[in-house]
Every structure is written in C-alpha cells, then in structure tokens.
There are 2 protein chains.
Amino acid sequence: MVRLSPVKACNDCPIRYRAVCAECDPDELAVLEQMKTYQTFETGAHLAAAGEDLDHFSSIVTGCATMSRTLEDGRRQTVGLLLPSDFIGRPGRGQSAFDVQALGPVTLCRFERHSFERLVRETPHIASRLMTMSLDELDAARDWAVVLGRMTAREKLAAFLVSLTRRFAQGAGGPRPGGGGVTLQLPLTREELADHLGLTIETTSRQMTALRKDGLIDLRPAREVFIPDFGALCAEAGEDGDGGPIV
Amino acid sequence: MVRLSPVKACNDCPIRYRAVCAECDPDELAVLEQMKTYQTFETGAHLAAAGEDLDHFSSIVTGCATMSRTLEDGRRQTVGLLLPSDFIGRPGRGQSAFDVQALGPVTLCRFERHSFERLVRETPHIASRLMTMSLDELDAARDWAVVLGRMTAREKLAAFLVSLTRRFAQGAGGPRPGGGGVTLQLPLTREELADHLGLTIETTSRQMTALRKDGLIDLRPAREVFIPDFGALCAEAGEDGDGGPIV
DNA sequence: CGGTTCATTGAGCCACATCAAGAAGTGTGG
DNA sequence: CCACACTTCTTGATGTGGCTCAATGAACCG
C-alpha cells in the first residue's frame, strides 16, 4: 500500500515553483532536500484519516486526492480536491480534521512534523508561502460553499468542470487548449464527483448526459471530457464572464 | 454610516487575547496601539464589497458581520459569520473576494494595509497568530461545506445553533449556561439565516418552529433562543456526541 | 396608531433523491 | 483472444424535501 521511493532532486521537481518550497532560494532548498522523503500510494489508499494523529506533512508531487468527511449514516462530503503541489497537514495541529484518500497512484514529498515546523519558524520564505497557500485554499473553500449552497445540479457540474480545467491549466500537463477546445482528464469517478458536489451519483450522471446533449461537453472513454467552448461552459456555471478563456 | 470613534487602550480591549494581537508582548502591542484607529458602522453597512479595493485590515471589536456572495440573479450565500476578534481582509491581496456587511452596530479596530503588512513581516507573533486564525477559518469553512452539501434543513438549523453557541461560549458575554440550559442571542434575521444555511426563509422558519415543537429550543422575543438541552440539539445536528457540553 | 420590516403558516409544485434495472467498461485467468 | 466477474455508468419510474407563491400575523418604530 505504501512504499518509499527514490527521491528526486528539487530542481527537477514538477512542483518546484508551486508547492510550499516555491519561494525558497537554493540554500533553503538544500535544507529541504535533506529532510524530504518520497512515498507512493496506490489508488484508494488513505493518506490521512479524520481524527488520526499525523506526525508528518506532505506535498502531492503526482496524482490526486480528496479531502472528505463521512457522517455516521454514510453520507459523505468532499471538502477539497488535492492536486499536485497541494499541501497535506496543518502546522500547529497534530491531527487531520478530514479523511484524505488517493484517487489514483499518488507520490508524496514528505517531511517529519517536528523538523518541518522548526523550519517554518526559521524560514520566512516557507512561512509566507504556506500562508499564501492557506489563504488561497480558504478562498477556494468559500467559493465552493456558494456552489454547494446555492447552485442547481447542472450549475454545480459546470462549475466543477470549469474550476478543474483552470486548476489543471495552472499546473503542467493539464488540459490541452488546442483547436478551440479543451480536453480534461477527470480524476474522479461519478460517485466521487457526486460526493464533491453534494449530489447523488444518479443526478450527477444525468446532468453530465444533459450537458453532453446540449453540446457543452463531449464524454469520451477513460473519463475524458472534451469542452468545445469553454466560455459557454462558464456561462452555465453562472459566471459573469469577466475572466477570459481558461484563466 | 461610518464614524471614527475614540480608541480604547489595548489592555482594556475585549478581544485582547483572541484577535491578531493575541500573542503580542507589551512592546509589540505598543506599536499596534500607535497604528490603530476605531471605526463604527451602523446596521447593514458594507464593511467591504466583493471585488472592491481594500486599503486596510480590521478586527471586529464588537458586533457581528457576514461574509457573503450574491449571484447575478439575486441568490445569496453567506460563507462566514464574523464575530468579535475575527479579522477582515487578506494580507497579500488588495481586494476582498466577498461582501462583508454589518449585522448590527459594529466597531472595528482598523490598520492601514501597508504599515500592517510591514508589521506582519517583522513581527513573528502577529504572523503566527494570523496563520493560526486562517487555518481555523479554513477548517470552519470546510466543516460548513459538509453542512451545506449533505445535511437536511433540520440538521442545518441544529448545526448552526450548536456552532454559534460554541463560538459565543469561547468569547465573553456569550450564552449563559445557567440552570441546565443555554440562552443564545441570534444576530441574524431569518433571511440572513437562510442565506447562511443555503435554504429559503420559509424553510428556515418552518424548521425553527419544528425544533420548538419538539422541545429542542424555545423561541423568545428579540431573536433570543433558549436551548434546554444542548446535548439533544447536538444529536439533531448529527454529532457523534464526543464533544462534551458546549465545548 | 399606521407604516414597515420581520416571521409564520398554508397549498401546490418541482428538482433532486430513491429504488431498480441494465449497459458499458475494466481487469483477470484460462 | 475470449469468458467471466466486478466495478462503473446510464437510464427509467416513482417519491419527497424543500422551493415557490400567497396570505396573514407579530414586532418594531416614528
């Protein structure tokens, strides 16, 4: 389930300029390089469990994960989708408030709690980057609350596809915006999608079909989604269209 | 609408040990004391508007406010309820992502953006407190996403009352936990409550009535809510009952 | 005391949930 | 390459929680 794997040099790291280390200078990076280990997980592995002690932090290097909570009767809500460069763990608290689960094979860059917390205190570039990332996540969580609280099922789907496209576009290897359309690789099953959107799997599936029939998306094998007109999808998500294409 | 008002000494401040200044030592406090001004706002005043430039930060000293977004068609979702000691504004970004509106008379302790951002950089006690507060808000926002996405109207109401009781209990002058019950002063109208819960005003009102008829709460004049058995209300909110009374 | 805002209640409807059945992928062993 | 099992996805039929529309009641305030 969990394996240690060879560590890549930070300079070759795919998330070098987006993760907690983004603002580090070469000296600081050298310290991080000493501390880090790599771990790989299989699909479905639990990277953290709600209420469980966490003696480490990690950055996602490759793969995706969800952060979710499950109520006693089985209802589940995903509260965050973690992509490469996202951070797992909360400095100043030894427990995770949510379950974190790998959506596919995941590679983590891992730091032990005590040494990393000391590093944060002593390295303003890391502390400041962590602050920026937390505030971005806070904004994202609040944006998502608007979606969950006030949008229809169709709007939720559209908003999710738009948001995922934008997030992938910021990273590398994301959707290819060629020929007037974008291709998106969904990392979630319909059920995981439903848990993220606060819907049932059936409603999620029906709305995907509806968007397809309306020509807003094309559903392809292997969970690939083609978006012929990104602006049109944004409009479905109730956007005021002031943000140009993709970004 | 806005007025400057006489500044209180930090040592007499009701939020001295909960706001951004909580970890400051006397020297640091003296610097803050030089920088701060007080502002008072009337009910309904906009403390910030989504997309608007913000050249300052503030802490709520007294009163309550909501953070919300309104879609073009008028649907509104509140994404946060701000109580005394809560912070308004986001270091590193000059614009507010949400509307912030006073629920009643509000007093703010205000700092100008540039001088405060410099202070944050130079004062680890402030930076660290800001980090802790942001992470707490992030957890709260994610907790709320679970409520919005997966709970029934009745559970939403119960969860909100429970959460508000706990937040007031941490501050001063909150609910009085005397005689086997708690009295809670709601700072929101039914409409504001509905916007926070992702419901309509009618459903909100009906569920309040239902909770009253079931003996879980007592509705009193002036938006006062009496909770005879806090644990019973927690159970309605779908809590696993591992957190003792009130906290 | 009359205007205004806020809250409650009722009747009917609709978007989404639930229940149920297949269809389409995906992986494994022969 | 196929047969089989299993998971994922789609689609249909029906139920229902919360929304909409509408009216009345209660509280607040000049």
Side-chain angles (χ1 to χ4, degrees), chain A residues 42-44 66 71 73-77 101 103-105 147-161 185-214 217-225 236 238, chain B residues 42-44 66 71 73-77 101 103-105 147-161 185-214 217-225 236 238:
Chain A
E42 298 170 1
T43 302
T66 54
L71 305 179
D73 58 6
R75 285 176 288 177
R76 175 187 301 192
Q77 178 65 49
Q101 200 169 1
L103 287 172
V147 173
L148 289 176
R150 288 299 184 200
M151 288 197 174
T152 63
R154 182 186 177 96
E155 289 170 328
K156 284 178 177 182
L157 252 303
F160 174 76
L161 293 173
Q185 183 64 46
L186 279 191
L188 310 135
T189 65
R190 292 285 186 275
E191 183 167 17
E192 288 152 354
L193 199 42
D195 286 340
H196 193 45
L197 301 172
L199 299 171
T200 59
I201 181 175
E202 295 94 333
T203 297
T204 304
S205 182
R206 272 187 255 268
Q207 295 300 332
M208 288 288 271
T209 304
L211 289 176
R212 176 176 61 71
K213 286 186 176 162
D214 293 346
I217 58 177
D218 189 20
L219 298 176
R220 296 175 175 174
R223 267 175 227 153
E224 202 174 272
V225 179
E236 284 300 319
Chain B
E42 297 169 2
T43 302
T66 55
L71 305 179
D73 58 6
R75 285 176 287 177
R76 174 186 303 192
Q77 178 65 49
Q101 198 169 3
L103 286 172
V147 173
L148 288 177
R150 287 301 185 199
M151 290 198 173
T152 64
R154 183 186 177 95
E155 289 170 326
K156 284 178 177 182
L157 253 304
F160 174 76
L161 293 173
Q185 184 64 48
L186 279 191
L188 311 136
T189 65
R190 290 286 185 274
E191 183 166 16
E192 288 152 354
L193 199 41
D195 286 340
H196 193 45
L197 301 172
L199 299 171
T200 58
I201 181 173
E202 296 94 332
T203 298
T204 304
S205 181
R206 274 187 254 269
Q207 295 300 332
M208 287 289 270
T209 304
L211 289 175
R212 177 176 60 72
K213 285 185 176 161
D214 294 345
I217 59 176
D218 189 20
L219 298 176
R220 296 176 175 173
R223 268 175 229 155
E224 202 174 271
V225 178
E236 285 298 321

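In what follows, chains are A, B, ... by sequence order, proteins preceding strands, each numbered from 1.
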Does any donor atom in the side chain of B:S205 or B:E202 lie under 3.5 Å from an acceptor atom in the other side chain?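 Their side chains do not contain a donor-acceptor pair, so the 3.5 Å distance test is not met.
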Between C:dT9, D:dC9, D:dC19, which nucleotide gets closest to the side-chain atoms of A:S205?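 Ranking C:dT9, D:dC9, D:dC19 by closest atom to the A:S205 side chain puts D:dC9 first.
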A:R223 side chain, from C-beta outward: closest of D:dT20, D:dC9, D:dT11: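 The listed nucleotide nearest to A:R223's side chain is D:dC9.
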Quick one: is A:T189 getting a side-chain N or O under 4.0 Å of the D:dT7 phosphate, OP1 or OP2?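 Negative; the distance criterion is not met.
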Please evaluate the base of [N] for a donor-acceptor partner in the side chain of [X] within a cut-off of under 3.5 Å?
X: B:E202; N: D:dC21; answer: yes
X: B:R206; N: D:dT20; answer: yes
X: B:R212; N: C:dT9; answer: no

Could I get a table of every N or O pair under 3.5 Å where one atom is in the protein and the other is in nucleotides 13-15 of chain C?
none

Would A:E192 and A:L186 count as a side chain to side chain contact (heavy atoms under 4.5 Å, CB included) here? Give the steps. CA-CA 11 Å; A:E192 288 152 354; A:L186 279 191; over 6 Å; no
What's the CD-P distance between A:Q77 and C:dA17, to the nearest Å?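 For the pair A:Q77 CD and C:dA17 P, the rounded distance is 12 Å.
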To the nearest 10°, give me the bend of the helix from C:dC1-D:dG30 to C:dG30-D:dC1, comparing the axes of its five terminal pairs at either end. 40°
Do any of residues 190-199 of chain B sit with a heavy atom less than 4.0 Å from DNA chain D, and if so which? B:G198, B:L199
From B:T204 OG1 over to B:F160 CZ, what is the distance, rounded to the nearest 0.5 angstrom? 10.5 Å
